[in-house]
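The block underneath contains the structure these notes are about, expressed in structure tokens.
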Amino acid sequence: MKKIIILLLFGLLVNATYSQDERYAKVKRDYPNPYEKNIRDSKYEELDKEYFVRIGTSKLNAALDNNGILTTDREIKLVGLLYRKDKLKVEELYIEIKRDGEVIYSSTESCGKNKQWKDFYIELKKLRYSENYEVIVYNASDKVFLENRVFYIRKEVK
């Protein structure tokens, strides 16, 4: 019984995480009145077509959209999520990780068709702590920019 309850709670957390987006909440705050419904709906349509990327040390951590990572390790496995509410319109992604403007990692990954998100895994070795990490995601076929996220990796103090 406990396993079922935990599974249900986890399912609710994941559902709330993926269905809630601060950008949609901002539109609702900016246009709260019933007579602004047309404006609100058009803003929602624009947001549905935007890509955004998240990064973390696990799927849940990335989904909760933390901007930074604390670690004592010299190697780290990052999980990234590229998300678009109106489904991804690309078949392959080209992913770059930059630190202080220098590319330290890049890869091309297939993301399949007709999905709302694609998760990708990145192993960074010989880690250097910095406030200036950035993940940039492009459409692999024509290198069209989709989205980026700036994040930091700091040494965890014990």
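In this chain, numbering begins with 1 at the start of the sequence shown. None of the values given here were measured: they were computed from a predicted structure. Every heavy atom of this structure was used, including side-chain atoms; hydrogens, water molecules and symmetry mates were not.
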Next item on the list: Quick one: pull up CZ in Phe151 and CD in Glu134 and give me the separation to the nearest 0.5 Å.
Entry: 9.0 Å
Margin query: For a quick test of reading the model, state the closest non-hydrogen atom pair linking Arg29 to Pro32 and the distance between them.
Written below: O-CD, 3.4 Å
Next item on the list: Apply salt bridge (charged side-chain N to carboxylate O under 4.0 Å, His left out) to Glu50 and list each qualifying residue two or more places apart in sequence or on a separate chain.
Entry: Arg23
Notebook entry, point to check: Are Arg154 and Tyr129 in a cation-pi setup, meaning NZ or CZ lies under 6.0 angstrom from the ring centre and within 45 degrees of the ring axis?
Noted result: no
Next item on the list: Taking salt bridge (charged side-chain N to carboxylate O under 4.0 Å, His left out) as the test, write out the residues that go with Arg128, two or more places apart.
Entry: Asp100
Item checked: Donor-acceptor pair, side chain of Ser58 and main chain of Asn61, under 3.5 angstrom -> yes
Notebook entry, point to check: Rounded to the nearest 0.5 Å, how far apart are CG of Asp48 and CD of Gln116?
Noted result: 9.0 Å
Item checked: Euclidean distance, Phe52 CZ relative to Asn148 CG, rounded to 0.5 Å -> 13.5 Å
Next item on the list: Name all pairs fulfilling the salt bridge (charged side-chain N to carboxylate O under 4.0 Å, His left out) condition that reach into residues 70-79, sequence neighbours left out, sorted by first residue then second.
Entry: Glu75-Lys125
Next item on the list: Rounded to the nearest 0.5 Å, what's the gap from CZ on Arg54 to CH2 on Trp117? Could you check?
Entry: 11.0 Å
Note to self: Rounded at 0.5 Å granularity, tell me how far CD1 in Ile69 sits from CD1 in Ile153.
What the structure shows: 5.0 Å
Next item on the list: Please check if Ile97 and Val79 belong to a single hydrophobic cluster, counting links between Ile, Leu, Val, Met, Phe, Trp and Tyr side chain heavy atoms closer than 4.5 Å.
Entry: no
Next item on the list: Report yes if some heavy atom in the side chain of Leu78 is under 4.5 Å from a heavy atom in the side chain of Val135; otherwise report no.
Entry: no
Between side-chain atoms of residues 38-45 and protein atoms elsewhere (two or more places apart, or another chain), which donor-acceptor pairs fall under 3.5 Å?
residue : atom : partner : partner atom : Å
Arg40   : NH1  : Tyr31   : O            : 2.4
Arg40   : NH1  : Asn33   : O            : 3.3
Asp41   : OD2  : Lys37   : NZ           : 2.7
Ser42   : OG   : Ile39   : O            : 2.8

Item checked: 4.5 Å side-chain heavy-atom contact, Arg149 and Asn67 -> yes
Note to self: Would you say Ile55 ends up clustered with Tyr121 if hydrophobic residues are merged whenever their side chains have heavy atoms under 4.5 Å apart, either directly or through other cluster members?
What the structure shows: no
Next item on the list: Check whether any side-chain heavy atom of Phe120 sits under 4.5 Å from a side-chain heavy atom of Val137, and report yes or no.
Entry: yes
Listing, residues 102-112 side-chain donor-acceptor contacts under 3.5 Å, not counting sequence neighbours, or none:
residue : atom : partner : partner atom : Å
Tyr105  : OH   : Ser107  : OG           : 3.2

Checklist line | Sub-4.5 Å side-chain heavy-atom contact between Leu146 and Leu93 | finding: yes
Checklist line | Distance (rounded to the nearest 0.5 Å) between Ile76 CD1 and Leu127 CG | finding: 6.0 Å
Checklist line | Arg84 and Lys89, any side-chain heavy atoms less than 4.5 Å apart | finding: yes
Checklist line | Under 4.5 Å side-chain linkage, directly or through intermediates, the cluster mates of Ile136 | finding: Tyr94, Tyr138, Phe145
Margin query: Using every non-hydrogen atom in the two residues, find where Leu70 and Tyr152 come nearest and quote the distance to one decimal.
Written below: CD2-CE1, 4.4 Å
